[in-house]
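The structure appears below as structure tokens.
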Number of protein chains: 2
Amino acid sequence: MTMRAVERGSRIHPCRFSAWGLLSLLAAADAVAAPLRSGEDDVRAWRVAHDARLLADYRAFLAIPNVAADRDGLARTAQAIVDRMEGLGLAPRLLPGTSPESVPAVFGEWKVPGASRTLVFYAHYDGQPVGNRALWTRTEPFVPRLLAGDEDLAAGAPVPDDARIYARSASDDKLGVFAFLAAVEALRATGAAPSVNAKFFFEGEEEAGSPHLPEILSAHRELLASDGWVIVDGPSHPTGPPQVVFGVRGDSNVALTLYGPLRPLHSGHYGNWVPNPGMDLARLLSSMKDGAGRVIVEGWYDDVAPLGDVERRAIAAAPSADAALAKELAITPEGGGKPLLELLLEPSLNVNGMKSGDVGEQARNVIPTEASAVLDLRLVKGNDAKRQFAKLVRHVERQGFAVIDHPASAEERRAHPRLVAMTQSPGSYNASRTAMDLPLSRAVVAAVGSVAPPVELPALGGSLPLVHFNDILGAPTITVSFANHDNNQHAENENLRVGHWRRGIEIAAALLRLPAPR
Amino acid sequence: MTMRAVERGSRIHPCRFSAWGLLSLLAAADAVAAPLRSGEDDVRAWRVAHDARLLADYRAFLAIPNVAADRDGLARTAQAIVDRMEGLGLAPRLLPGTSPESVPAVFGEWKVPGASRTLVFYAHYDGQPVGNRALWTRTEPFVPRLLAGDEDLAAGAPVPDDARIYARSASDDKLGVFAFLAAVEALRATGAAPSVNAKFFFEGEEEAGSPHLPEILSAHRELLASDGWVIVDGPSHPTGPPQVVFGVRGDSNVALTLYGPLRPLHSGHYGNWVPNPGMDLARLLSSMKDGAGRVIVEGWYDDVAPLGDVERRAIAAAPSADAALAKELAITPEGGGKPLLELLLEPSLNVNGMKSGDVGEQARNVIPTEASAVLDLRLVKGNDAKRQFAKLVRHVERQGFAVIDHPASAEERRAHPRLVAMTQSPGSYNASRTAMDLPLSRAVVAAVGSVAPPVELPALGGSLPLVHFNDILGAPTITVSFANHDNNQHAENENLRVGHWRRGIEIAAALLRLPAPR
């Protein structure tokens, strides 16, 4: 653990901005030169005037590696945020969990005397693993590259809204961190102030399943007290507008390993007689869903909480991009003809990955000893992660397998020739949903709508551990999504459309100046 | 291509042995010191007396890389054989094919005036790809290591028959190459001579599917004229005895790629609506075999030539190791209760490898863009490789997929959302079978039996491109298998039991002195 807790006073230095990597001097000079103005409409003008410098700052921020396997990179990412917050007078500190291996969250606060509400603004500063580097054809994951179409932009050339920044976490989710800090800078520079007591909580383990989030929240319960959390993560609606989403699916990963012969065997000398674990895995996986994409594990949908009228109306009102999206992706949707938005409110079962033996040049004529898969289970209101896993275990047992929770020994393999090791990720968590008609819910929609009218949805298809905020802090959560929908998050060539980045900063500023309850 | 054809005279230097790597001087000194003796029984005594030096020679030979991806290593392997043959007076030469990328075979000959028969002795000097280096727990693939159980042997200590040499190709198939050259050395040293005109043909592309073997055979038809080929490859019977096998299965690899969305997608935001190519592959593979391991592709078994009475009797007479083997391997056999030997005379379908997305630490919550598998089809007498592939293509089409023979373009993926790219390996070949009651067949059994009574089988489960010898040269082939059955050929930790290595050299000498037809 190379990080240390940072505790500082809340002195405010409105005109001093510390480093995002190499561009610190440029940023500081630019910020000092910016005229201070007041009034709500000036924020956008300030954003436009400082576009090039902000974009350079963002690229410097994206250049810092932020994947779970690189603890030093994560620590440097957190420190860069701390430095920036300090320059903005946000009294930053690191919030570690109680476990020594926990990655701390970064906390900051802008106290507003007389504000009637306190909100916490959340984003996460860690990113997904980079995946297959050979498929990062646009750039290296941590060498941010700005492209207009397939072309690099000349230095100083105007950057069109359609240009994209390619880098890991460009959309998911350094965007959220950066947008709030840029919005704070804009407010400071224009002499504006938030309408709420604003707290910032930037998590460092979201892509790892937030294993220590509950202990971080529990350990800092008073510091994090609020009237609600605004979460920035996820994609805009495929038709363009930002999204305001009142819930998320829960998430759980399940790792499965099936066993073949104790040693790899020549497929000629044993093929037809020794069962192939890859074929067994294929049979097991295909037993879990029918041809229409419906999960046929017994009881899979039994405990789903039905949608209410408000939620059904919101789904019906949301624009549908299904037909265009299917064409764009070259797919024929599964789900028996139901719209995407409705299917995202059902629990899912996805094969994240599967492997047995080798393919391509490394393929050999062999009966492998093992076959593995990782499943992603999305959970909706009513589901429980442990219960959903138990249904899956029972299903595997019904296919004739013994199920264990650890890698099998030779003795176990001899005792149970049909054997599966199944484990559930420790960071699994349940779904969360906030009522769409709370005063806070309407105020967030109004704030976003002052920049661009959003699509409102009862729940996002993706997941965030929002249930911990509900359970531990008793606070409602509302999620606002800034990034373009086709951002390749969780995959190679992750990117962010510049127009969405610009809009994100403006929405963040509007959220800081949330309108009063009606 | 770093190899050059070597053409030399057939001068014989019975007491000069050239290098196998570092041990050349030791080998030469040892060989010069060996007393020359004559008479048949002396061969075994010579083999025992020179055991340590031969074992050191073999380890030096195994240290030369011999995989298809390393053309320089293959060339050095061939050159080591040429050097050794030259020392043995076998007039070595390289036999290239007509294609510039072909890997040449190594040819040599011991002409015996007055011999009534000419035999060609075959082995292959190339090895399987090394696979996952992390699983080579005993040693690196080309750092041969001699272990008695888990223990290294002290220098100069007696080497028990149960000790094993670990290295790629220790069993498959440098053993065959080395055994014949050691047997020639033994005959030369003891003043004995073969009973047949002996030709040696050591192939360099067998593990790549022998893509240029037909052109090599065609280009050197007269040089390779014979009364039959004796092939040394494959494992002994699991109960211990060597095997004499009168046929082999044919072999064909099929690569399949299924397509998902054009770009990788977040499994939360799209899961339930965008089909997963890994799940589609699982469903497709599981449609090919039933739960008992029977291939359910239509017509799969239709053209299988039935076994004759001689063949059925041979199968019935062969010892069965099925129960012990199933326990050793920790498997429950498939095949509906039929014995292994019978199932190896049926066509098979094995999943060599399959992959979609990632598993383990690299797994991500993603719907991947592709899923791939490599299948291994074994063919028996009556099957045709192209016909068998066509049956599989029709099966895939019947599952609702369009089938193409090349990687799909975005346009093709849009036009056919259910699309499979399927290709058959160019080196695919059919099965071969020689009558078990030919005079040559009986003579080979008698020669092997003079060392250890063999198990006789109509056909091996594994494959060799023997059909080319039948079709191009009109010669029958008989296969003799030396290696221990549990040698991990085609996998990590390939090994050879020292007792099987010793027996192999003695059998090779007996084959060179094949008894006259009765």
Side-chain angles (χ1 to χ4, degrees), chain A residues 128-129 131 235 249 261-264 266-269 271-276 278-279 282-283 285-286 289 293 329-335 340 343 346 348 350-359 362-367 372-374 376 378 410 413-414 417 461-463 488-491, chain B residues 128-129 131 235 249 261-264 266-269 271-276 278-279 282-283 285-286 289 293 329-335 340 343 346 348 350-359 362-367 372-374 376 378 410 413-414 417 461-463 488-491:
Chain A
Q128 276 275 313
R249 290 203 275 194
L262 274 177
R263 52 189 168 81
H266 189 290
S267 61
H269 299 312
N272 273 1
W273 187 74
V274 171
N276 183 303
M279 183 60 94
R283 196 169 290 119
L285 292 177
S286 60
K289 288 181 98 164
L329 297 171
I331 59 127
T332 300
E334 60 183 16
L340 172 59
L343 290 164
E346 297 183 355
S348 75
N350 181 64
V351 182
N352 278 357
M354 62 188 209
K355 185 175 191 303
S356 176
D358 290 297
V359 297
Q362 280 296 319
R364 287 163 296 151
N365 285 334
V366 74
I367 302 173
S372 295
V374 174
D376 174 47
R378 299 284 166 170
R413 289 165 72 170
R414 286 211 174 82
S463 300
N488 273 24
Q489 68 182 96
H490 289 213
Chain B
Q128 276 276 314
R249 291 204 274 194
L262 274 177
R263 52 189 170 81
H266 189 290
S267 60
H269 300 311
N272 272 2
W273 187 74
V274 171
N276 183 303
M279 184 59 94
R283 197 169 290 121
L285 293 176
S286 61
K289 288 181 97 165
L329 297 171
I331 59 126
T332 301
E334 60 183 15
L340 172 59
L343 291 165
E346 296 183 355
S348 76
N350 181 64
V351 183
N352 279 357
M354 61 188 207
K355 183 173 192 304
S356 177
D358 290 297
V359 297
Q362 279 297 319
R364 288 164 294 150
N365 285 335
V366 73
I367 302 172
S372 295
V374 174
D376 175 47
R378 300 284 166 170
R413 289 164 71 170
R414 286 213 174 82
S463 299
N488 273 25
Q489 71 183 92
H490 289 214

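Note that these values count all heavy atoms, side chains included, but never hydrogens, waters or copies made by symmetry. Chain letters run A, B, ... following the sequence lines, proteins first and then strands; every chain starts at 1. These numbers were taken from a predicted model, which means no experiment stands behind them.
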Notebook entry, point to check: Checking heavy atoms, do the side chain of B:Arg249, its backbone, both or neither come under 4.5 Å from chain A?
Noted result: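 Answer is side chain: those atoms of B:Arg249 sit under 4.5 Å from chain A.
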Next item on the list: Below 4.5 Å from any heavy atom of chain A, which atoms of B:Glu346 appear? Answer side chain, backbone, both or neither.
Entry: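 Both the backbone and the side chain of B:Glu346 come within 4.5 Å of chain A.
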Notebook entry, point to check: If you round to the nearest 0.5 Å, how far is OG of B:Ser463 from CG of A:Asn365?
Noted result: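 It comes to 7.5 Å.
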Next item on the list: Carefully, step by step, assess A:Met279 and B:Lys289 under the rule side-chain contact (heavy atoms from CB on, under 4.5 Å).
Entry: CA-CA 8 Å; A:Met279 183 60 94; B:Lys289 288 181 97 165; 3.6 Å; yes
Residue among [options] with most heavy-atom pairs under 4.5 Å to chain B:
| options | value |
| --- | --- |
| A:Arg413, A:Arg263, A:Gln489, A:Lys355 | A:Arg263 |
| A:Val359, A:Leu262, A:Asn352 | A:Asn352 |
| A:Ser348, A:Gly357, A:Gly335, A:Gly293 | A:Ser348 |
| A:Ala410, A:Pro235, A:Ser356, A:Ala373 | A:Ser356 |

Next item on the list: Could you tell me whether the side chain of B:Pro261 reaches within less than 4.5 Å of the side chain of A:Ile331, counting heavy atoms only?
Entry: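 Yes, at least one pair of side-chain atoms sits under 4.5 Å.
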Check: side chain to side chain donor-acceptor pair (under 3.5 Å) with B:Ser267: which residues, sequence neighbours excluded?
Finding: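 So B:Ser267 forms a side chain to side chain donor-acceptor pair (under 3.5 Å) with A:Asp376, A:Arg378.
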Minimum heavy-atom separation for [X] and [Y], please, with both atom names.
| X | Y | value |
| --- | --- | --- |
| B:Pro275 | A:Thr332 | CG-O, 3.1 Å |
| A:Arg364 | B:Ala491 | NH1-CA, 3.6 Å |
| B:Leu343 | A:Asn272 | O-ND2, 2.9 Å |
| A:Glu334 | B:Val274 | OE2-O, 3.9 Å |
| A:Gln362 | B:Pro129 | OE1-CB, 4.3 Å |
| B:Leu285 | A:Ala282 | CB-CB, 3.9 Å |

Note to self: With a 3.5 Å distance limit and no angle check, can you tell me whether B:Asn276 reaches the backbone of A:Val351 through a side-chain donor-acceptor pair?
What the structure shows: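 Such a contact is found between B:Asn276 side chain and A:Val351 backbone.
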Item checked: N/O donor-acceptor pair under 3.5 Å between A:Asn350 side chain and B:Val366 backbone ->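 Pair found, side chain donor or acceptor close to backbone of B:Val366.
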Note to self: Heavy-atom pairs under 4.5 Å with chain A: which of B:Gly278, B:Pro417, B:Gly462, B:Ser372 has the most?
What the structure shows: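 Among the listed options, the one with the most contacts to chain A is B:Gly462.
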Checklist line | Partner residues of B:His266 under the ring pair (Phe, Tyr, Trp, His ring centres under 6.0 Å) criterion, sequence neighbours left out | finding: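 Listed in chain order: A:His490, B:His269.
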